[in-house]
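Heads up: the structure comes next, in structure tokens.
Per chain, numbering begins at 1; letters A, B, ... match sequence-line order. Computed from heavy atoms alone, side chains included, the values below leave out hydrogens, waters and symmetry copies.
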Amino acid sequence: MFAIVEGAIDVGALVADAQRPDCGAIATFVGTTRVDESGGASVEYLEYEAYRPMADRKLAEIGAEIGARWDVGHVSIVHRLGRVDPGEASVTIVVASPRRGPAFEASRYAIERIKEVVPIWKREVWSDGYVWVG
Amino acid sequence: MFAIVEGAIDVGALVADAQRPDCGAIATFVGTTRVDESGGASVEYLEYEAYRPMADRKLAEIGAEIGARWDVGHVSIVHRLGRVDPGEASVTIVVASPRRGPAFEASRYAIERIKEVVPIWKREVWSDGYVWVG
Amino acid sequence: MIKVLFFGAAADRAGTRETELDVRDGATLAEVWTLIVERHADLAPMGDTLAFAVNGEYARGEDTVSPGDEVAVLPPVSGG
Amino acid sequence: MIKVLFFGAAADRAGTRETELDVRDGATLAEVWTLIVERHADLAPMGDTLAFAVNGEYARGEDTVSPGDEVAVLPPVSGG
């Protein structure tokens, strides 16, 4: 499943969807809003926007790249748009494979590719304005 | 949280527990019962046993090793005992870190170490008997 | 006419998220960019960092556009 | 007396999960293993693959045991 959503991501449900009798390993990556409070002032939340439907299609393409490169039984990538508060999930990747090596490698590959090719942007929103990241 | 449990593992709850404002990445590994049906006959389920409380302590030691080696905000490892049916989770590892590199590396390290040092054994149960793995 | 979409910091600098541009059939993306900067001068400093898409797929400066195409101006992506 | 615990395939071969053994104070684990095999001969072929724990921590053949200790006979682990 490759999706761009506006609301909270149900990570447990995505992992449950990946559980299959022919796979022994599920590697999951969840990206969450991180706030660096060391400097005093801090980010209040992140806000994401996407160029759709290109972004949706790029997520599915990453899934196809993974399927061509590794022995996987299930891949899902869900990215959230809009406001994402500290600690909340902005992206979730779930890969099931017969063996753990491909599951780990493919989930890592997915997040690196998302950060390279998927037309999604985030801005850090502060109490007095915002800053685009990237 | 480091635990050995007898019933189903709630992966979603473990990930939720790991979500923190000071971390931007959560890497999760779920080991599931895999059935290879290519040969006709197949495993009906796996059954796990442990030497406790040594196994519990070893899980916590792996958590301490991870904390000494990587910048992580949260580590949990839960291993299930008893019968685990195809597709069900036998072990779940959740690592939250400010950055994704340490999260991926530490979650991989945890499963490799579990397979090296934690006194847990599984047997494949077939319709006509069982075989210890390892 | 082609449609031009702006995202992220590029939308802020353009002062809009969407505009239309009259370009000759077969114009290159590089020529389109020149027209865009004429109309939205604040975008000029971003030029080297930007990527472009035509009809939802990445395209390069030498690629051409046709009437009805959708051109997207894409700052460095920062999803994840 | 020491307590001896068997796990996994070792429990099957020993025919029990737990037994007690009378060993001299300061006996090495290697000596304990010899006593175990005398009583549970089917375990002998597993010898090279086994690990041992004393009171819940991995121990080696030259380590010693004392009365009241718990010795665990551990086949190659296969958790995960």
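The candidate with the highest count of non-hydrogen atom pairs below 4.5 Å against chain A, out of C:Leu5, C:Asp12, C:Asn55, is C:Asp12. Contacts with chain C were tallied for A:Glu49, A:Arg52, A:Arg80; A:Glu49 has the most, counting heavy-atom pairs under 4.5 Å. Of the listed residues A:Arg57, A:His79, A:Lys58, A:Met54, the one with more heavy-atom pairs under 4.5 angstrom with chain C than any other is A:Met54.
With contacts defined as side-chain heavy-atom distances shorter than 4.5 Å, the pair A:Ile77/A:Thr92 does not qualify. Looking at C:Arg13 and C:Pro45, their side chains come closer than 4.5 Å, going by heavy atoms from C-beta outward.
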- Message: As a quick check of understanding, evaluate side-chain hydrogen bond (donor to acceptor under 3.5 Å, both in side chains) for A:Ser90 and A:Tyr48, giving each step before the final call.
- Response: CA-CA 8 Å; A:Ser90 51; A:Tyr48 289 82; 3.3 Å; yes
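Remark: A:Thr33 OG1 to A:Asp85 CG distance equals 7.0 Å, nearest 0.5 Å.
Using a 4.0 Å cut-off between a side-chain N of Lys or Arg and a carboxylate O of Asp or Glu, C:Lys3 and C:Glu70 qualify as a salt bridge.
Of residues 104-134 of chain A, those residues with a non-hydrogen atom less than 4.5 Å from any non-hydrogen atom of chain C are, in numerical order, A:Ile111, A:Ile114, A:Lys115, A:Glu116, A:Val117, A:Val118, A:Pro119, A:Ile120, A:Trp121, A:Lys122, A:Tyr130, A:Trp132, A:Val133, A:Gly134.
Of the two parts of C:Ala53, only the side chain, counted from C-beta on, holds a non-hydrogen atom closer than 4.5 Å to a non-hydrogen atom of chain A. Heavy atoms of A:Glu61 lying under 4.5 Å from chain C belong exclusively to its side chain. Residue contact with chain C, scored on non-hydrogen atoms closer than 4.5 Å, involves the backbone of A:Ala50 exclusively.
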Anything under 3.5 Å between a donor and an acceptor, one on a side chain of residues 9-23 of chain A, the other on a protein residue two or more places apart or in another chain? List them.
unit_1, atom_1, unit_2, atom_2, d
A:Asp10, OD1, A:Gly12, N, 3.3
A:Asp10, OD1, A:Ala13, N, 3.1
A:Gln19, NE2, B:Gly87, O, 2.5
A:Arg20, NE, A:Asp22, OD1, 2.9
A:Arg20, NH1, A:Gly73, O, 2.7
A:Arg20, NH2, A:Asp22, OD1, 3.3
A:Arg20, NH2, A:Asp22, OD2, 2.7

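Of the residues listed (C:Trp33, C:Phe6, C:Phe7, C:Tyr58), the one engaging C:Phe52 in a ring-ring contact (aromatic ring centres under 6.0 Å, His included) is C:Trp33, and it is the only one.
Remark: the backbone N or O of C:Val73 is not paired with any side-chain donor or acceptor of A:Tyr51 at under 3.5 angstrom. For the pair A:Ser97 (side chain) and A:Pro102 (backbone), a donor-acceptor distance under 3.5 Å is absent.
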